[in-house]
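Below you'll find the structure, written out as structure tokens, and then a few comments.
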Amino acid sequence: MTSDWWADAAVYQIYPRSFADSGDDGLGDLRGVTSRVPYLSSLGIDAVWLSPFYPSALADGGYDVDDYRDVDPRLGTLDDFDEMVTALHSAGIRVIVDLVPNHTSDRHAWFTEALAAPKGSPARDRYVFRDGTGPDGASPPSDWQSIFGGSAWAQAPDGQWYLHMFAPEQPDLNWDNPEVRADFLTTLRFWADRGVDGFRIDVAHGLTKDLSEPLTPTAELPDLADADGSHPLWDRDEVHDIYAEWRRVFDEYDPPRMAVAEACVAPSRRHRYVGVDGLHQAFNFDLLEAAWDAEEFRARIDRQVAETESAGASATWVLSNHDVVRHATRYGLPGAEDNPRETAAAWLLSDGTEPPLDRDLGLRRARAATLLTLALPGSVYLYQGEELGLHEVGDLPTELIHDPEFRRSGGTRKGRDGCRVPIPWTSDGPSFGFSRGTPHLPQPEWFADYSVAAEDADPHSTLEIYRRALALRSKLRGRGFAWHDETRPQALHFVRPEGWDCITNFGSRPVPLPEGTILFASAPIDGRLLPPDTTVWFLSGETPT
Ligand code: GLC
């Protein structure tokens, strides 16, 4: 086993509550994951990343953690966790768990203790408590807004305020407190000792804060996009001291454990999270935000390749995850060539009716985009259900929406539940084989066409494309990468080691293919013409310089 396995891994994200339910409560669980190891194995992935499975009231889909060193009883036990890890490891699949260090849940023992303790007590110092402003301190300490909308401060029963950059049920921790630091080291060792191979660090750019008075009003906060470390809340340089300490813990293990940062920072500062005295990788969300446009893809790929080369790191490619509208849907909306994220957000608000979604076009482009990212140097993070070509569920009834973003934004953002609907395993039966009970989010009827069972039997299905592409990709070694500059407008052509070429046609006309043996394509190819919205891999024999 090489210790830098992650550098070119295909990692599959499991959102445990929506993956597979071994019981009948409609909530996916760890035994469900274990039962699907053969499926994961047949996909050809190198690792899974599990979103939080810890005890939680689910105020934010499990990213509100009550206890970092246990399993939510509805999802199983620590024994189930161990069994799952053993089964995955036996199949050669590594395990990454999600660590949520920016905030606990409001049901965490520390927060209960803090509320019961007086102002200025050591228990309150583990969080960020402040007196309010105005008469009787009845107004929040600052006008900061939480990411989900509304004030970032909530009032404790005794009138003090606590900071929550996300939902009020997610109080921010005070990372200047040594007890907080020590406790997370215990948590890292707890899971590393149980055999996990790595950690995904939630909101990695948020932990350290400059909360010296007076607190900077929102209007005077620097823009994170051109940040230089001076923002009081995000991406502060001191955060790297924490990761240096964590790295020493990761390196205590053989093989060393790895970590990938969710760092929503200016691209120019992303590399700071990565290095021999930091974490191993940082997510790059550039393509996930890109329009369906060759130039835009190319510029974003260039930036990531250059950035990771100069940092001596490896690239990460992401098209979908549990926080964004699925890429098949983003690319099937009329705004895809312009501003897919905004168009998708508006589409969700219209209950998935406006603008009209072209499902076939979206899926065709999604397959092409996936093949493109699978050919790039570095690792790729896939999100459960994308291998089935699943679309976002756009018409979830608002009364069933769990995501705090919906209510806290006053209904102006519908939230992320549409990509978290339990995945279909069969085309019929209760909840399409997900559970014997009622799924925690309702599945639409069209899921029947996208089920694992339906696609398993179809050689042209998205699932089959992922399987074949992942199998081929595992043979592609080395980091070399170069653009082939005879690229036609609206087509991107790059060369990888051993003369492995990849061309994606983003345009609306077919593009003639250069000489070479076709290895694989995201859609059928007729003769030597690459159809629109298609990616092809072929062997040209050229080598990147
Ligand atoms: C990350 C997670 C997201 C969660 C937030 C707060 O961005 O990916 O799902 O809501 O952190 O923990």
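Counting starts at 1 for both ligands and their atoms, following the listed order.
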In plain terms, say whether [X] and [Y] are close enough for a salt bridge, that is, a side-chain N and a carboxylate O under 4.0 Å apart.
X: Asp235; Y: Arg269; result: yes
X: Lys414; Y: Glu405; result: no
X: Arg270; Y: Asp286; result: yes

Considering the heavy atoms of [X], write down every atom of ligand 1 situated less than 4.0 Å from one of them.
X: His322; answer: 2 (C), 3 (C), 8 (O), 9 (O)
X: Arg420; answer: 9 (O)
X: Arg416; answer: 3 (C), 4 (C), 9 (O), 10 (O)
X: His103; answer: 6 (C), 12 (O)
X: Val203; answer: 11 (O)

**Request:** Can you figure out which of Asp323, Ile147, Asp98, Ile201 has its heavy atom closest to atom 3 (C) of ligand 1?
**Result:**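 Minimum heavy-atom distance to atom 3 (C) of ligand 1 goes to Asp323.
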
**Asked** Considering the options His103, Gln170, His402, which one meets the side-chain hydrogen bond (donor to acceptor under 3.5 Å, both in side chains) requirement together with Asp60?
**Response**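 Looking at His103, Gln170, His402, the match for Asp60 under the side-chain hydrogen bond (donor to acceptor under 3.5 Å, both in side chains) is Gln170.
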
In the protein, what heavy atom is nearest to [atom], and what distance, to one decimal place, separates them?
atom: atom 7 (O) of ligand 1; value: Glu262 OE2, 2.7 Å
atom: atom 10 (O) of ligand 1; value: Asp60 OD2, 2.6 Å
atom: atom 11 (O) of ligand 1; value: Asp202 OD1, 2.9 Å

**Asked** Knowing that exactly one of Trp161, Tyr162, Phe129 qualifies, which makes a side-chain contact (heavy atoms from CB on, under 4.5 Å) with Pro141?
**Response**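 The option that passes is Trp161.
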
**Asked** Tyr12 and Glu387: side-chain donor and acceptor closer than 3.5 Å?
**Response**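 Glu387 and Tyr12 do have a side-chain donor-acceptor pair below 3.5 Å.
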
**Prompt:** Would you say the side-chain atoms of Thr308 pair up with the backbone N or O of Ala313, donor to acceptor, closer than 3.5 Å?
**Reply:**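 Side chain of Thr308 to backbone of Ala313, a donor-acceptor pair under 3.5 Å: no, none is there.
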
**Request:** Using atom types as modelled and distance alone, determine if a side-chain donor or acceptor of Asp21 lies under 3.5 Å from a backbone N or O of Gly26.
**Result:**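 Flag set: sc Asp21 to bb Gly26 pair under 3.5 Å.
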
**Asked** Among the heavy atoms of Met165, does any lie under 4.0 Å from an atom of ligand 1?
**Response**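 No, Met165 has no heavy atom closer than 4.0 Å to ligand 1.
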
**Prompt:** Any non-hydrogen atom of Glu405 lying under 4.0 Å from ligand 1?
**Reply:**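 Contact check Glu405 vs ligand 1: negative.
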
**Under-4.0 Å heavy-atom contact with ligand 1, by part of Phe148 that carries it** =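 The side chain, only.
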
